[in-house]
Chemist: 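One structure is given below, represented as structure tokens, and several questions about it will come after.
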Amino acid sequence: MLSISFIRENRDLVLSGLKKKRLKEADALIEEVISLDNKRKKTQKERDDVQFTANSEAKKIGTLIKEGNISQAEGAKKKAGALKSEVQELESLVGDIEEELKLLLYKIPNIPHQKVPEGSSADDNIEIFREGDISFFEDKNLLPHWDLLKKYDLADFDLGNKVTGAGFPFYKGKGAKLQRGLIQFFLDQAEQEGYLEIQPPILINEESGYATGQLPDKEGQMYHLQNENYYLIPTAEVPITNMLRKETVREEEIPLKFCGYTPCFRREAGSWGANVRGLNRLHQFDKVEIVEIHKPEESYEALERMSEYIEGLIRKLELPFRKLLLCGGDISFNAALCYDMEVYSGAQKRWLEVSSVSNFESYQANRMNLKYKDKSGKSHLAHTLNGSGLALPRIVAAILENGQTKEGISIPEVLVDYCGFKTIS
RNA sequence: AGAGAGGUGGCCGAGUGGUUUAAGGCGCACGCCUGGAAAGCGUGUUUACCGAAAGGUAUCGAGGGUUCGAAUCCCUUCCUCUCUGCCA
């Protein structure tokens with residue numbers, strides 16, 4: 001979240017940022033936050049002063065008793081006792097105000113970077129470039145991946161339906177091998193790029209959910225266990241970034257670079273319809289995630305490097321793709337700047353999002369109290385970044401659809417050793 | 001899951017209601033000393049909030065309570081260790 005001091009010191013910047021993000025009633029919200037914070041300061045000052053008096057009285061009593069001055073001590077006790085209820089009242093008032101303030105701050109999204117374009121929806125995103133020839137697919141009569149999955153018996157949605165529910169497919173045979181090959185390929189690539197591989201838990205507690213911003217707002221997007229207060233992770237970003245929660249790292253340790261493969265679980269409540277057939281949108285899917293922790297002055301350069309790394313992955317998979325710069329209305333709540341990578345799906349004739357690379361600046365770091373100590377010993381909030389490198393299902397969809405030949409599906413060269421086959425037939 | 005023992009600063013560790021303003025040690029930083037270093041000596045060393053500053057408030061796993069006063073007593077809860085049980 002944005003810190004209250006940042007909001008106070010950069011009011012106009014914050015307001016114009018929130019408007020770019022299309023937050024409704026930004027003025028009223030910021031107004032409320034600042035006046036509530038003024039109230040907090042005033043009340044806390046009062047409380048501290050009364051507490052100070054009470055503390056000094058209590059100390060005097062100790063001395064009086066030691067000196068054997070019992071009657072004076074009794075009198076002082078009465079006096080101090082009266083202060084006590086006053087402290088308690090102010091204390092609970094401060095607590096209420098702080099709670100209210102925190103809830104308001106949770107409602108305020110991160111403010112977008114200068115580079116983020118104006119816009120209200122995905123239509124206003126800016127295409128930075130596209131690569132690969134999509135006209136190649138134009139007049140070919142290609143089967144969509146859901147037909148191919150059935151034809152070659154690579155995945156079974158009915159079986160998933162039977163055993164779990166919609167959106168939980170079974171992968172079979174070469175379909176399963178393709179999944180495993182992709183995961184291994186992505187992890188190997190990430191390791192070569194200097195990311196430390198992490199295998200995190202796929203359940204997280206409530207505090208972790210708050211830290212990376214899934215809670216309290218997006219509670220409905222996560223699966224929540226019934227008999228423990230744990231959530232299934234929607235992305236490896238959550239457990240991996242939370243490794244650093246409440247940590248202060250030394251400046252020399254930064255940057256930190258992690259990668260990890262996990263299954264991801266998303267309820268996707270209410271989003272099922274025509275455009276979500278097959279692998280386009282699932283409740284459970286596999287993803288390799290990359291996470292970086294940086295000093296503020298280096299985070300944007302790092303974001304570019306992460307983006308280039310992910311572009312390279314897609315290029316190696318020989319898929320046509322485009323890179324988008326998300327506009328203010330489409331960028332996520334937590335992010336300051338975000339690139340989306342979309343691959344072209346030759347049969348659906350659509351672009352499919354396979355990666356989001358974002359800089360959260362200090363928004364998550366402030367929520368989770370992640371700091372670094374500079375050489376002079378001063379602490380600062382770090383910047384957190386992450387990106388998908390990559391999410392599997394839509395990559396699989398594009399590989400299948402785009403690789404169709406009369407002899408079967410030919411898979412990208414780079415995956416042959418990982419999968420153990422060249423074609424699916 | 002049951003029984004027991006614990007959780008104190010960057011680390012170790014003392015502390016069973018009132019100069020605890022958390023002893024002592026280690027580490028770290030700075031200074032003195034030195035030709036330079038070590039040793040020695042001195043000073044400093046959690047975090048957050050309020051304040052221009054002086055200073056104040058909170059913080060001994062977390063949350064409540066008792067008391068004029070809590071690291072210390074009580075309740076709840078989380079975590080760690082040992083033993084037992086169960087288990088891939």
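Letters A, B, ... mirror the listed sequences (proteins, then strands); counts begin at 1.
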Chemist: Check nucleotides 48-55 of chain B for protein N or O atoms closer than 3.5 Å to its own N or O atoms and list the pairs.
Modeler:
residue, atom, partner, partner atom, Å
B/rA48, OP1, A/Lys371, NZ, 2.6
B/rC49, O3', A/Arg40, NH2, 2.6
B/rC49, O2', A/Arg40, NH2, 3.2
B/rC49, O2', A/Gln44, OE1, 3.0
B/rC49, O2', A/Gln44, NE2, 2.9
B/rC49, O2, A/Gln44, NE2, 3.4
B/rC50, OP1, A/Arg40, NH2, 3.4

Chemist: Looking across every strand, which nucleic acid part, if any, lies under 4.0 Å from A/Lys79 by heavy atom: base, sugar-phosphate, or nothing?
Modeler: nothing
Chemist: Return the nucleotide paired to B/rC68: Watson-Crick means purine N1 to pyrimidine N3 with N6-O4 or O6-N4, wobble means G-U with N1-O2 and O6-N3, both under 3.5 Å.
Modeler: B/rG18
Chemist: Would you confirm whether A/His294, through its side chain, and A/Ala302, through its main-chain N or O, come within 3.5 Å as a donor-acceptor pair?
Modeler: no
Chemist: Could you work out the separation of B/rU76 and B/rA22 based on their C1' atoms and round it to a whole Å?
Modeler: 26 Å
Chemist: Suppose you measure atom C1' in B/rG56 against the same atom in B/rG6; what distance do you get, rounded to whole Å?
Modeler: 35 Å
Chemist: When the P atoms of B/rU57 and B/rU19 are considered, how many whole Å apart are they?
Modeler: 16 Å
Chemist: Take the protein atom CG of A/Asn205 and the nucleotide atom C1' of B/rA62, then report the distance between them rounded to whole Å.
Modeler: 13 Å
Chemist: Have A/Gln184 and A/Tyr261 got a donor and an acceptor in their side chains that come within less than 3.5 Å?
Modeler: no
Chemist: For atom P, what is the distance between B/rA23 and B/rC11, given to the nearest Å?
Modeler: 16 Å
Chemist: Name the residue closer to the 5' end of RNA chain B, choosing between A/Ala54 and A/Lys373 according to the nucleotide with the nearest heavy atom.
Modeler: A/Lys373
Chemist: Taking salt bridge (charged side-chain N to carboxylate O under 4.0 Å, His left out) as the definition, give me every residue that meets it alongside A/Lys150, ordered by chain and number, with sequence neighbours left out.
Modeler: none
Chemist: Determine the Euclidean distance between corresponding P atoms of B/rU72 and B/rG55; express it in Å to zero decimal places.
Modeler: 28 Å
Chemist: Please name the residue in the list A/Leu400, A/Asp156, A/Leu143 that meets the side-chain contact (heavy atoms from CB on, under 4.5 Å) test with A/Leu149.
Modeler: A/Leu400
Chemist: Enumerate all atom pairs, one protein N or O and one N or O from nucleotides 18-21 of chain B, separated by less than 3.5 Å.
Modeler:
residue, atom, partner, partner atom, Å
B/rG18, N2, A/Ala58, O, 2.8

Chemist: What is the distance, rounded to the nearest whole Å, between atom CG of A/Leu64 and atom C1' of B/rG69?
Modeler: 13 Å
Chemist: Which residues satisfy the ring-ring contact (aromatic ring centres under 6.0 Å, His included) test with A/Phe186, sequence neighbours excluded?
Modeler: none
Chemist: Rounding to an integer number of angstrom, what distance separates B/rG10 and B/rA5 when you compare their P atoms?
Modeler: 29 Å
Chemist: I'd like the C1' distance from B/rC86 over to B/rC75, given in whole Å.
Modeler: 32 Å
Chemist: Could you measure between the two P atoms, the one in B/rG24 and the one in B/rU45, and give it in whole Å?
Modeler: 14 Å
Chemist: Check the phosphate of B/rG69 against A/Asn55, side-chain N and O only, distance under 4.0 Å to OP1 or OP2. Yes or no?
Modeler: no
Chemist: Report the C-alpha separation of A/Gln214 and A/Gln221 in whole Å, then their side-chain angles, then the decisive distance to 0.1 Å, and conclude whether the side-chain hydrogen bond (donor to acceptor under 3.5 Å, both in side chains) test is met.
Modeler: CA-CA 8 Å; A/Gln214 280 68 34; A/Gln221 290 292 332; over 6 Å; no
Chemist: For A/Val238, is there any backbone N or O sitting under 3.5 Å from a side-chain donor or acceptor partner on A/Thr241?
Modeler: no
Chemist: Between A/Ser56 and A/Gln88, who's closer to the 5' end of RNA chain B by nearest nucleotide?
Modeler: A/Ser56
Chemist: Could you list the residues that satisfy salt bridge (charged side-chain N to carboxylate O under 4.0 Å, His left out) with A/Glu91, not counting sequence neighbours?
Modeler: A/Arg47
Chemist: Tabulated below should be each protein N or O lying under 3.5 Å from an N or O of nucleotides 73-79 of chain B; please produce it.
Modeler:
none

Chemist: Check the distance between B/rC11's P and A/Arg250's CZ and give it to me in whole angstrom.
Modeler: 13 Å
Chemist: Going by atom types alone, do A/Ser35 and A/Asn38 pair a side-chain donor with an acceptor below 3.5 Å?
Modeler: no
